[in-house]
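For clarity, every value in this text was computed on a predicted model and none was experimentally measured.
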Amino acid sequence: ASWREKDKRHEVYVGISYTGKAERKGRYRLLDKGICYSLEGSTKFGQDFFAMAQQRHNVVDAKTGTYLSDGAEGLRNIQREHFPRHARGMDWRHVRAKMEETYRLLPGELHKKRLKSLYAEKLQEVCQQFQADAEEFPQRSERIEELRTYIQNAGDDLYAIRRLRRAGVALPPRLQGSGGIERNEDVLVGQRMKRRGMSWTKSGANHLLAVRLDLSLNLRRISPRRS
């Protein structure tokens with residue numbers, strides 16, 4: 001929330017780059033992690049994120065790479081412009097959450113049936129089912145249509161990473177899990193900037209993010225369990 005500017009919000013972009021995941025005492029930690037943030041919009045964030053990832057991992061010369069996001073068009077554009085050789089994947093956590101939210105008031109656990117078909121790569125069939133559901137449940141038709149558009153726009157991104165594996169490409173385990181970015185987002189933004197009653201100027205938010213990013217990286221070096 002913006003300080004002294006009623007109803008205005010600052011949008012924070014957070015991205016991480018890493019080379020894989022390693023298990024430690026039942027938890028997975030990201031290997032060779034880099035973090036980037038921006039309050040200046042998706043275009044500036046994309047430039048900063050690419051610069052960080054290139055410096056840390058030389059992504060331009062990487063033989064294989066994946067780019068995972070929640071499907072927002074601004075984030076998809078970053079992949080197109082800066083990571084064109086990386087396979088663009090979809091974070092299924094967001095798909096499940098949107099599906100459950102859309103269908104939560106409807107009978108018959110329809111969201112589980114739609115998810116099962118979507119997991120089975122029956123994309124067009126599911127989109128047709130969305131249309132039928134919108135007609136059957138007019139009270140939720142607007143939300144169902146929004147979900148259908150979201151899923152259609154995702155398209156092949158939903159299955160990009162699994163298809164790489166089927167093609168024999170060696171990829172790190174648990175690659176599609178979003179726990180890493182969710183954890184870092186919470187550490188950088190959620191715990192200190194989004195709780196009830198908090199509001200910030202853009203300058204103040206930038207300074208606080210810089211401090212928390214530095215603390216996060218230093219704590220990770222001191223104690224891997226906190227990564």
Side-chain angles (χ1 to χ4, degrees), residues 11-16 18 20-30 65-79 86-187 189-191 194-195:
E11 190 169 39
V12 183
Y13 288 82
V14 179
I16 55 176
Y18 56 95
K21 295 182 181 180
E23 186 176 5
R24 181 185 175 89
K25 295 183 178 180
R27 296 179 60 185
Y28 284 86
R29 58 184 293 262
L30 306 182
T66 60
Y67 179 94
L68 187 67
S69 78
D70 63 5
E73 190 60 23
L75 300 183
R76 290 161 63 89
N77 286 336
I78 290 173
Q79 182 273 332
H86 285 54
R88 189 176 63 237
M90 186 74 170
D91 183 354
W92 277 87
R93 173 185 173 277
H94 289 273
V95 176
R96 289 193 298 269
K98 287 180 181 294
M99 190 88 74
E100 290 170 2
E101 172 62 23
T102 301
Y103 279 87
R104 65 185 176 87
L105 298 178
L106 301 182
E109 296 189 325
L110 284 176
H111 72 280
K112 292 184 179 180
K113 298 177 182 178
R114 303 295 178 257
L115 270 175
K116 184 177 180 180
S117 296
L118 206 57
Y119 282 136
E121 302 188 24
K122 299 177 181 179
L123 179 61
Q124 295 304 317
E125 178 181 316
V126 172
C127 289
Q128 291 173 0
Q129 290 169 338
F130 286 152
Q131 290 181 312
D133 292 341
E135 294 175 2
E136 184 176 355
F137 304 104
Q139 73 277 19
R140 299 292 289 177
S141 61
E142 185 175 345
R143 298 295 299 273
I144 294 172
E145 282 298 317
E146 290 176 359
L147 176 63
R148 183 177 67 85
T149 299
Y150 178 74
I151 296 298
Q152 281 186 326
N153 288 342
D156 288 339
D157 293 2
L158 292 164
Y159 313 114
I161 293 177
R162 70 166 68 170
R163 287 173 180 173
L164 283 178
R165 293 192 192 280
R166 286 206 297 257
V169 177
L171 296 173
R174 303 177 69 89
L175 188 63
Q176 287 187 262
S178 61
I181 185 61
E182 298 296 334
R183 169 62 176 162
N184 281 276
E185 182 181 296
D186 185 48
V187 169
V189 184
Q191 294 180 11
K194 293 180 68 176
R195 291 182 178 175

- Item | Nearest non-hydrogen partners of Gly155 and Leu123, listed with the distance | CA-CD2, 3.7 Å
- Taking Arg140 for its side chain and Thr102 for its backbone only, find out whether a donor-acceptor pair lies under 3.5 Å. yes
- Query: Can you list the residues that meet the side chain to side chain donor-acceptor pair (under 3.5 Å) rule with Gln131, with sequence neighbours excluded?
  - Reply: none
- Message: Quick one: does any side-chain atom of Arg76 pair with a main-chain N or O of Asn153 as donor and acceptor, under 3.5 Å?
- Response: yes
- Using the test side chain to side chain donor-acceptor pair (under 3.5 Å), find all partners of Arg88 that sit at least two apart in sequence or belong to another chain. Gln79, Asp157
- Task: Evaluate the side-chain proximity of Leu105 to Gln139: yes if any heavy-atom separation is below 4.5 Å, no if none is.
- Result: no
- Neighbour count >12 (heavy atoms, 6.0 Å) for atom CD, Glu142: no
- Message: With a 4.5 Å cut-off on side-chain heavy atoms, are Tyr103 and Phe137 touching?
- Response: no
- Message: Are Leu115 and Val126 packed together at the side-chain level, in the sense that at least one heavy-atom pair is separated by less than 4.5 angstrom?
- Response: no
- Item | Distance, nearest 0.5 Å, that separates CG of Asp133 from CZ of Arg143 | 14.5 Å
- Query: Do Asp70 and Arg93 sit within salt-bridge range, that is, some charged N less than 4.0 Å from a carboxylate O?
  - Reply: no
- Query: Can we say Glu101 and Lys98 salt-bridge, meaning some charged N sits less than 4.0 Å from an Asp/Glu carboxylate O?
  - Reply: no
- In Å, rounded to the nearest 0.5 Å, how long is the span from SG of Cys127 to CD of Gln152? 4.0 Å
- Query: Out of curiosity, Ile144 CD1 to Met99 CE, how far, rounded to the nearest 0.5 Å?
  - Reply: 10.5 Å
- Would you call Arg162 and Tyr119 a side-chain contact if the rule is heavy atoms closer than 4.5 Å? yes
- Task: Run the salt-bridge test on Arg163 and Glu121 with the 4.0 Å N-O cut-off and return the result as yes or no.
- Result: yes
- Message: Can you tell me how far apart CD (Glu109) and NZ (Lys113) are? Round to the nearest 0.5 Å.
- Response: 8.5 Å
- Item | Straight-line distance of Leu171 CG to Ile161 CD1, nearest 0.5 Å | 7.5 Å
- Item | For Met90 against Gly71, the heavy-atom pair lying closest together | SD-CA, 3.7 Å
- Query: Which pair of non-hydrogen atoms, one from Ala160 and one from Gly89, has the smallest distance, and what is that distance?
  - Reply: CB-CA, 4.4 Å
- How about Phe130 and Arg114: do any of their side-chain heavy atoms sit closer than 4.5 Å? yes
- Item | Closest non-hydrogen atom pair between Ala134 and Ser141, with its separation | O-CB, 3.4 Å
- Query: Taking atom CG of Leu110 and atom CD of Glu100, what is their separation to the nearest 0.5 Å?
  - Reply: 13.0 Å
- Query: Within a strict 4.5 Å, meaning less than it, do heavy atoms of the Leu118 and Tyr159 side chains meet?
  - Reply: yes
